[in-house]
Amino acid sequence: MTANGVAQLCVYFAVLLCLVKPLGSYMARVFEGEPVWLGKLVGPIERRVYRLAGVKPDAEMSWKQYAAAVLVFNLIGVLAVYLLLRAQGLLPLNPQRLGATSPDLALNTAVSFATNTNWQSYGGETTLSYLTQMLGLTVQNFVSAAAGIAVLLALVRGFTRRSAASIGNFWVDLVRSTLYVLLPLSFVLALVLVSQGVVQTFDAYREVPLLSPLKGADGQSVARQLLAVGPAASQIAIKHLGTNGGGFFNVNSAHPFESPTALSNFVVTLSQLLIAASLCHTFGKLVKDTRQGWALLAAMLVIFVPLLVLCYSAEQAGNPALTSIGVDQAASALSAGGNMEGKEVRFGIVSSALFATTTTAASCGAVNAMHDSFTPLGGLVPTWLMELGEIVFGGVGSGLYGMLMFVVVAVFVAGLMVGRTPEYLGKKLEAYEMKMASLVILIPAAVVLLFTAIGVLATSGKAGMLNPGAHGFSEVLYAFSSAANNNGSAFGGLTANTPFYDTLLAIAMFAGRYLLQVAVLALAGSLAAKKLVPQSAGTLPTHTPLFVGWLSATIVVVGALTFIPALALGPIVEHLMLP
Amino acid sequence: MDIVYLSLVLLLFGSAFGLIALCDRVRGAS
């Protein structure tokens with residue numbers, strides 16, 4: 001690691017932690033319905049939305065009604081995006097006259113964006129019209145993130161309400177999250193990105209002369225290049241803030257029109273963790289004990305920071321295979337050093353390692369470097385961060401409700417070990433809560449391991465692998481880890497736009513999102529119906545460093561026991577094979 | 001092929017609605 005790199009990481013965490021409290025407090029006020037300064041502007045729009053949609057904002061929902069609303073809303077979203085993709089050749093805002101996508105790609109993309117995964121089996125600039133990108137994908141970027149926050153709010157109400165039959169109103173949570181949090185932040189970030197050079201236009205792609213003509217593969221001289229443009233900034237802002245991750249262009253945030261400068265790279269990397277980290281403080285505010293929120297944030301950092309250091313140091317150390325043949329990979333005033341394969345020179349090692357770690361910790365899935373080209377240990381970190389269940393920050397809303405499932409497990413196990421009745425925030429945790437929390441933890445793990453096995457056994461699965469051996473296995477394992485945990489980043493190397501992978505990945509994304517949300521809402525309904533148990537000497541404190549350590553250990557042990565055997569066949573064996 | 005993939009979408013969402021019913025039944029039993 002270099003002093004420059006460590007300084008950049010320190011600045012990153014300092015800025016992030018400074019923003020957690022103000023944004024977390026603002027979101028708490030929004031979700032509690034208290035007046036906020038944006039209310040004068042947004043309030044009339046909010047009321048009009050309810051009127052047009054026929055929503056009664058004061059009407060409460062049981063957990064089953066809430067879950068049904070989540071599913072119906074997402075079913076409509078999936079169908080709408082599917083139809084848009086299949087009909088885009090007939091629709092306007094398509095200056096490149098791009099035709100319909102294949103049915104399997106339409107299924108994959110529709111499920112991908114509705115589930116907040118944003119796995120992309122396509123290249124944006126060669127496949128999708130401006131209308132599809134804006135009306136289909138960008139809209140889903142907003143509402144899928146808002147739906148994640150809504151489910152979190154329902155779970156929080158489960159903890160805070162006493163003997164209640166309802167957990168809130170999904171439509172109100174969805175609208176308020178979108179209008180008061182996601183839209184304003186995205187608007188500001190989009191302007192910042194435009195100021196840095198991110199494109200935002202409806203013009204057709206531009207043909208420009210090359211500064212220096214090249215020779216093509218066929219030996220012919222190439223003097224002109226087609227530059228893809230489009231309404232990118234408005235999509236890219238929410239892509240990071242909403243932990244969506246789907247790029248406007250194929251190479252995502254490595255494209256100079258998506259992230260042109262070191263500053264734009266820093267800002268978008270920051271925005272990936274911003275809402276998820278701030279929601280910890282929001283949680284503390286909503287349960288009237290901010291120490292609980294800080295404890296959850298601390299547990300996330302306890303896992304995240306060592307993994308970031310491992311990824312960064314592995315990439316900075318470079319590739320031993322190149323060192324053994326005399327290649328100089330040391331950092332100097334003129335070179336970032338380290339393993340620069342697959343990385344943008346304008347970002348270098350530390351920004352690429354930080355981005356790879358945040359994007360996989362935060363369930364974002366955007367990339368500014370190709371993870372396939374990372375060293376084996378550098379590539380192991382993003383893979384494992386996803387496999388932990390996208391709870392170390394995780395997706396907007398979904399990360400924290402996933403973390404709270406681990407809290408349920410940690411409190412339950414601790415209770416059994418010391419002979420206490422397990423309780424969290426005054427709610428007794430019993431067999432039903434454990435069953436639901438176990439479902440949330442086990443479903444993605446089962447999908448990842450089972451589907452990876454199918455991928456490496458089936459002929460259609462093996463046909464998509466670019467590399468043989470351990471690296472090829474890593475490509476398939478990464479793809480299903482990404483899909484089932486709703487991350488969406490691609491390792492690279494895997495040809496995924498085939499009916500086999502499009503369909504299997506779509507099923508994995510679906511299971512990793514909606515089956516989990518149903519279980520979380522069932523748990524919320526069960527908790528809301530319970531009475532509040534007064535604190536006693538036997539209550540396990542859940543805001544102490546001891547509990548932070550216990551929670552982190554629970555997450556790491558579950559993640560290690562479940563996935564180390566699979567990782568041993570991929571990145572670990574690849575690392576051991578290095579000179 | 002559209003009908004196949006749209007049927008799959010309905011099947012998947014149907015399974016999620018089935019899970020709501022299952023979770024409710026498990027809760028009622030416990």
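Letters A, B, ... are given to chains in the order of the sequence lines, protein chains preceding strands, and every chain is numbered from 1.
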Check your understanding: Is a salt bridge present between B:Arg27 and A:Glu433, judged by a nitrogen-to-oxygen distance below 4.0 Å?
Key -> no

**Study point:** Residues A:Lys530 and A:Glu430 bridged, charged N to O under 4.0 Å
**Key:** yes

Does any heavy atom of chain B fall under 4.5 Å from the side chain of [X], the backbone, both, or neither of them?
X: A:Ser102; result: neither
X: A:Leu521; result: neither
X: A:Leu107; result: side chain

Revision key, fill the gap. Ranked by heavy-atom pairs below 4.5 Å to chain B, first place among A:Asp104, A:Val78, A:Val72 goes to A:Asp104

Exercise for review: Please round to the nearest 0.5 Å and tell me the distance separating atom OG1 of A:Thr495 and atom CZ of A:Phe500.
Suggested key: 13.0 Å

Study note, to complete from the structure: Of all heavy-atom pairs linking A:Arg513 and A:Thr115, the shortest is CD-O, 3.3 Å

Study note, to complete from the structure: Per-residue tally against chain A (heavy atom, under 4.5 Å) across B:Leu8, B:Asp24, B:Val9 peaks at B:Asp24

Check your understanding: Are any of the side-chain heavy atoms of A:Val111 and A:Ile507 separated by less than 4.5 Å?
Key -> no

